[in-house]
Every structure is written in C-alpha cells, then in structure tokens.
Amino acid sequence: MSVRVRFAPSPTGNVHIGNIRAAIFNWLFARHAGGKFLLRVEDTDRERSTKEAIQTLLACMEWLGLDYDEPEVYQSQQTVRHLAVAEDLVARGLAYRDNKGGGGECVIFRMPKEGKVEFTDLVKGHLKKQAEDTQDFVIVRSDGTPVFHLANVVDDVDMKISHVIRGDDHVENTFKHIELFKAMGAPIPQYAHLPMIVNNQGKPYSKRDGAAFVGEFKEQGYLPQALFNFLLLLGWAPGDDREVLTREEMIQLFTLDRCKSSAARFDMKKLLWMNGEYIRNAPREVYAKEFVTRVTNAGLSTEGVDLNGVMDQMQIRTKFYSEIPATCTYFFTEDYAFDPKGVEKRLKVEGVPALLEEVADAFTALPAFDVQSTHDKVSAMGEAKGTGMGSIVHPVRMATTGLTEGPGLFELLALLGRERTCARLRKVAQRLRDQTL
RNA sequence: GCGCCCAUCGUCUAUCGGUUAGGACACCAGGUUUUCAUCCUGGGAAGCGGGGUUCGACUCCCCGUGGGCGCGCCA
C-alpha cells in the first residue's frame with residue numbers, strides 16, 4: 001500500500017505550532033517512506049476561512065519547506081459528495097434522521113450498540129472502547145451542512161489516505177471515524193496520534209504562553225530550519241545523541257515508532273539556542289545573503305567595508321538575523337547610536353576625553369594599525385597607567401561603536417581602520433567636552 | 001460524573017529486564033588572561049507512591065496519585 005498522508009488544517013489566519021508540528025511529522029513520514037504528502041484545507045467554516053487566512057497557511061508551509069505533492073483540496077468544495085455519502089448511509093440504515101435537540105431535522109450516524117471499537121495506534125499502541133461508551137453523532141446539521149467527522153472521513157477516503165497522523169486531541173474522534181470508514185466500506189487508515197505541546201502548567205500551549213503561531217516566530221527572526229528541528233524534537237528523538245539534524249537526516253531517521261506519547265513542554269530557551277546554532281553554522285554564503293540584505297535595507301552602504309571580516313566577527317554572535325544591523329551599524333556609518341547606559345558608565349567619566357585623545361595620538365603614531373599593534377599599544381598604556389587595559393578598552397569601545405559589547409576591540413578597530421578609529425575617538429572626546437553626548 | 005490517554009534531571013529526551021540511568025537546553029564554577037558571544041573543562045540535577053511478576057525492575061502487571069484529552073447540529 002502506498003503511503004499517502006495529509007495535513008488538514010482549518011485556516012483561521014494563524015497557524016498554531018501544534019498544528020504545524022503535525023504537518024512536519026506527516027511530511028517527514030511521507031518523505032521517509034517515499035510516499036505522498038497532501039494538503040487539505042478544511043475551510044467549511046466560511047466565516048473564518050478567508051482568503052487571507054488560506055494565504056497565511058500556505059505561506060507558513062512554504063516558509064518551513066513543507067511542500068506537498070498534489071494540488072491542495074478544499075473541503076468546502078466537496079460538500080455535495082459529503083451529503084451524498086450521508087444520504088447513502090441513511091438509505092442503508094446506517095444513519096437516520098432526527099430532530100431532537102433543536103433546529104430541525106439532522107442526520108445522525110449509528111454507532112455500534114454492542115462489542116467494541118478498536119484500533120492500533122502507531123504511537124499509542126492498541127486502543128479500544130466499549131460500544132456502550134460510544135454515542136451516535138450528528139453527521140449532517142439541520143441546516144444541511146456536513147459536520148467535521150463526515151467531511152473528514154469522506155475526504156480521507158477519496159484522497160486514499162493511508163495514515164492519519166494528527167494531534168492527541170483526536171483520539172476520541174478516531175473511534176467515530178473508524179465506524180464511518182466501515183460504514184462506507186472503505187479501508188481504514190493507520191492512525192498515529194501525536195502528544196500535545198503544552199505550557200509550563202501542562203495546559204495546551206496557547207498564545208497566552210508566548211509566541212504560539214508560526215508567523216510570530218518568523219517575525220521574531222527565528223529560522224524555519226531551527227523551528228522545524230526544534231518542533232521535531234518535541235515528541236520524537238532519533239535514538240542517539242544527535243539533536244541538530246539536517247533535513248536529509250530527519251527524513252532518513254524519522255519513524256513513528258520513535259515518537260513519544262506523553263505531552264511535551266515548549267522550551268523557548270532551547271529554541272533560542274537552536275536558532276543560534278543554525279545561524280552560527282550556516283554556510284557563509286547563506287549568512288552573507290541575510291547580512292547584506294538587512295544592512296542594505298537599513299539604508300546603510302557596505303562600500304569600502306571588509307564585509308567578510310565583519311561577518312567573521314558577527315556570525316557567531318548573531319542570535320537572530322533581525323538583530324542585524326543594529327548590533328553592527330558602526331561598521332557602516334559614522335552616524336551610529338550611543339547606548340545611554342554605556343555613555344554614563346564608560347564615557348562621562350573624569351579624564352576620558354583626554355584618554356581618548358591620547359589613544360588617538362598613540363594610534364596615529366603606530367607604524368602599523370593591526371590587531372597586534374593596537375593591542376600591544378593599549379596594553380602598554382594600561383600598564384604605564386597602572387590601571388590595566390580595561391580602563392582604556394571600555395571607553396574606546398564605547399566611543400568607536402556606541403555599544404558596550406561586540407567583537408573583540410582590536411579586531412573591530414582593525415576592521416574600522418586607523419582613520420575612522422582616530423577620527424571617532426577625537427570626535428567623541430570633543431562632544432564630551434561640549435556636553436553634546 | 002463517565003470514557004480514553006500520559007507519567008525519567010527544572011525542560012526536551014535516551015533506555016525496549018541487568019547501565020556508575022546517557023545526551024541536549026537551562027543553571028553554577030573555571031579557562032580562552034577587554035566586553036558580549038563563541039569555544040573548552042568541570043559541577044549539581046531524574047525514574048510520582050504502593051503492591052506484585054522476576055534471580056533481577058525506570059522498563060512488565062495491578063491499585064492509587066497527579067496531569068491531559070474527549071463527552072457540540074466546532075474543527
């Protein structure tokens with residue numbers, strides 16, 4: 001039997017991480033098996049399923065690299081088929097019309113009255129439910145529209161879905177769905193129910209707990225690869241000690257029997273770390289593309305800047321691409337911002353203007369302006385003053401970058417070059433004297 | 001209330017009867033003798049409780065406890 005799985009979200013304008021995690025597992029399962037990964041948009045709730053909502057959904061999938069193998073199916077367009085199936089079930093006595101509980105006449109599906117309903121879940125193992133613990137349920141509303149259970153199963157039959165991989169919250173539905181498959185005389189797919197992603201309180205992770213939608217992670221600067229990898233590790237592990245995996249490794253290693261069945265807490269700290277891993281280990285071309293784009297978009301010019309040298313310094317300290325260029329503006333313009341706290345602490349200090357000028361003079365006199373010579377000079381000056389080089393390094397860093405942290409000072413000065421360095425030192429010294437800083 | 005499911009460091013997890021219970025994030029200490037970050041080294045940190053089964057249980061079974069999910073003419 002060929003593997004055909006589907007991701008069947010209802011587009012609401014936001015794609016929840018729990019949902020996209022299900023999509024990821026489905027996608028990986030299909031790719032591992034060489035099967036098909038399909039997308040079915042369950043847009044029967046016409047109010048929420050706007051065009052924009054569907055666009056958002058598709059954009060999220062593309063962002064994460066979740067490509068699907070056949071044109072997407074829109075559930076709202078299958079209504080006639082759903083109703084025909086319901087009609088057939090009624091005709092065969094497997095469902096009946098009733099009007100209790102309100103609105104009018106609806107169609108209700110008969111659940112077995114004796115025996116049990118059972119199936120073997122690929123993650124949770126054998127599950128069963130006694131017939132007396134089940135209840136007949138509505139499959140067509142009194143307004144004539146099909147209910148989720150009906151539509152979902154009919155579509156799975158029509159799409160020849162072989163495995164249904166979805167969230168834990170659907171296990172109860174599965175007993176209903178299985179009976180529906182039987183009633184339709186269709187083969188029952190294999191099921192795999194994934195554990196929920198929960199918050200610190202063990203409750204389903206929601207927007208109250210922080211970023212909960214794919215779009216938010218994208219906005220905050222997370223890489224799709226990092227989010228993908230992180231989400232995969234919530235409920236699945238390769239079995240060895242690897243955690244950061246390439247897409248190829250994930251596909252190769254992914255099997256449902258390695259999925260856990262207990263809920264997983266969402267640990268933002270670990271996601272953050274993983275995002276950094278992906279940025280630090282990104283090929284230079286990849287990092288460079290992001291870097292240049294963001295610097296350029298900020299209206300800065302890379303003209304005359306040793307870009308590779310700057311990126312050597314910045315790549316290992318970039319937590320989010322979105323921090324570029326704020327953390328390294330000073331490489332590209334003389335109009336860089338000064339961190340107010342740093343100014344207070346490192347610049348508005350007795351003797352600093354004179355110190356900056358002294359350093360500028362010393363640098364100007366240096367035969368060569370490179371990492372080694374500036375380091376040695378500052379080191380010697382620190383020693384001569386008996387204060388150590390820290391008392392020089394910090395003010396100089398603040399003066400030349402406006403920031404209290406960043407690349408090693410001497411590496412950074414070398415990148416800036418002698419002229420710009422000395423000019424900045426003198427200019428800041430003057431501004432301090434003029435009290436314009 | 002009824003039904004179903006789940007239970008290893010703070011967190012994500014490995015372990016498929018025999019391990020000093022491993023790794024990662026986070027945390028702490030130290031080093032890389034300017035910051036931040038990276039990197040390296042070291043450290044503390046776990047089998048919910050009670051019964052069984054077994055020569056031997058984190059692992060299998062039962063009962064509790066705790067938590068989650070479901071019980072819509074939502075999806």
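Chain identifiers are assigned alphabetically (A, B, ...) following the order of the sequence lines, protein sequences preceding nucleic acid strands; residue numbering begins at 1 within each chain. Hydrogens, waters and symmetry mates are skipped; everything else that's a heavy atom, side chains included, is used. Quick caveat, the model's predicted, so the values are computed rather than measured.
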If I take atom [atom1] in residue [X] and atom [atom2] in nucleotide [N], what distance separates them, rounded to the nearest angstrom?
X: A/K260; N: B/C5; atom1: NZ; atom2: P; answer: 17 Å
X: A/Q313; N: B/U35; atom1: CD; atom2: C1'; answer: 13 Å
X: A/D257; N: B/U13; atom1: CG; atom2: C1'; answer: 16 Å
X: A/E411; N: B/U35; atom1: CD; atom2: C1'; answer: 12 Å
X: A/H375; N: B/U34; atom1: NE2; atom2: C1'; answer: 8 Å
X: A/H149; N: B/C74; atom1: NE2; atom2: C1'; answer: 9 Å
X: A/D267; N: B/A24; atom1: CG; atom2: C1'; answer: 10 Å
X: A/L356; N: B/U34; atom1: CG; atom2: P; answer: 19 Å

Looking at every strand, decide which applies to [X] at a 4.0 Å heavy-atom threshold: base, sugar-phosphate, or nothing.
X: A/F230; answer: nothing
X: A/L409; answer: base
X: A/R166; answer: nothing
X: A/R265; answer: sugar-phosphate

Is the ring centre of A/F266 less than 6.0 Å from the ring centre of A/F230?
yes
Reading nucleotides 63-72 of chain B 5' to 3', which nucleotides get B (base under 4.0 Å from a protein heavy atom), which S (sugar-phosphate only), which -?
-----SSSS-
Of the options B/C73, B/C5, B/C12, whose atoms approach the side-chain atoms of A/C106 most closely?
B/C73
Of B/C12, B/U35, B/A75, the nucleotide closest to the side chain of A/F148 is B/A75
Is there a residue in residues 235-245 of chain A whose heavy atoms reach under 4.0 Å of RNA chain B, and which residues are they?
A/G235, A/A237, A/G239, A/D241, A/E243
With [atom1] as the reference atom in both, quote the distance from [N] to [M] in angstrom, rounded to an integer.
N: B/U15; M: B/C73; atom1: C1'; answer: 48 Å
N: B/C62; M: B/U54; atom1: C1'; answer: 16 Å
N: B/C74; M: B/U38; atom1: C1'; answer: 49 Å
N: B/G51; M: B/A46; atom1: C1'; answer: 23 Å
N: B/C5; M: B/G10; atom1: C1'; answer: 25 Å
N: B/U13; M: B/G47; atom1: C1'; answer: 13 Å
N: B/C16; M: B/G30; atom1: C1'; answer: 39 Å
N: B/C58; M: B/G42; atom1: P; answer: 29 Å

Quick check: do [X] and [Y] have side-chain heavy atoms less than 4.5 Å from each other?
X: A/F410; Y: A/V378; value: yes
X: A/R6; Y: A/L39; value: no
X: A/Q315; Y: A/R284; value: yes
X: A/F213; Y: A/V15; value: no
X: A/L413; Y: A/L409; value: yes

Using OP1 and OP2 only, check whether a side-chain N or O of A/R97 sits under 4.0 Å from B/C73.
no
Check this one for me: any side-chain N or O of A/R141 less than 4.0 Å away from OP1 or OP2 of B/C74?
yes
May I have all residue pairs that pass side chain to side chain donor-acceptor pair (under 3.5 Å) and include part of residues 220-239 of chain A, sequence neighbours excluded?
A/N229-A/Y278
Residue whose closest nucleotide on RNA chain B lies nearer the 5' end, A/D133 versus A/P407:
A/D133
Closer to the 5' end of RNA chain B via nearest nucleotide, is it A/L127 or A/F266?
A/L127
Partners meeting ring-ring contact (aromatic ring centres under 6.0 Å, His included) with A/H177 (sequence neighbours left out):
A/F148, A/H149
Taking all non-hydrogen atoms of both residues, which atom of A/I279 and which atom of A/K319 are closest, and how far apart?
CD1-O, 3.4 Å
Residue pair A/K345 / A/V349: nearest heavy atoms and the distance that separates them:
O-CG2, 3.4 Å
Could you tell me which residues satisfy side-chain contact (heavy atoms from CB on, under 4.5 Å) with A/D143, sequence neighbours excluded, listed by chain and number?
A/R141, A/T145
Is there a Watson-Crick or G-U wobble partner for [N] with both distances under 3.5 Å, and if so, which one is it?
N: B/U53; result: none
N: B/U65; result: B/A7
N: B/U20; result: none
N: B/C73; result: none
N: B/G42; result: B/C28

Taking the six-membered ring for Trp, are A/Y191 and A/H193 parallel (under 30°), tilted (30 to 60°) or perpendicular (over 60°)?
parallel
On the side chain of A/S261, is there an atom forming a donor-acceptor pair with the base of B/C5 - under 3.5 Å, no angle test?
no
Heavy atoms of other groups near A/K377 NZ, more than 12 under 6.0 Å
no
Return yes if some donor-acceptor pair links the side-chain N/O of A/D43 with the main-chain N/O of A/Q75 below 3.5 Å, else return no.
yes
Between A/S373 (side chain) and A/A368 (backbone), is there a donor-acceptor pair under 3.5 Å?
yes
Pick out the pairs of N or O atoms, protein on one side and nucleotides 37-39 of chain B on the other, that lie under 3.5 Å.
| unit_1 | atom_1 | unit_2 | atom_2 | d |
| --- | --- | --- | --- | --- |
| B/A37 | O2' | A/I316 | O | 2.8 |

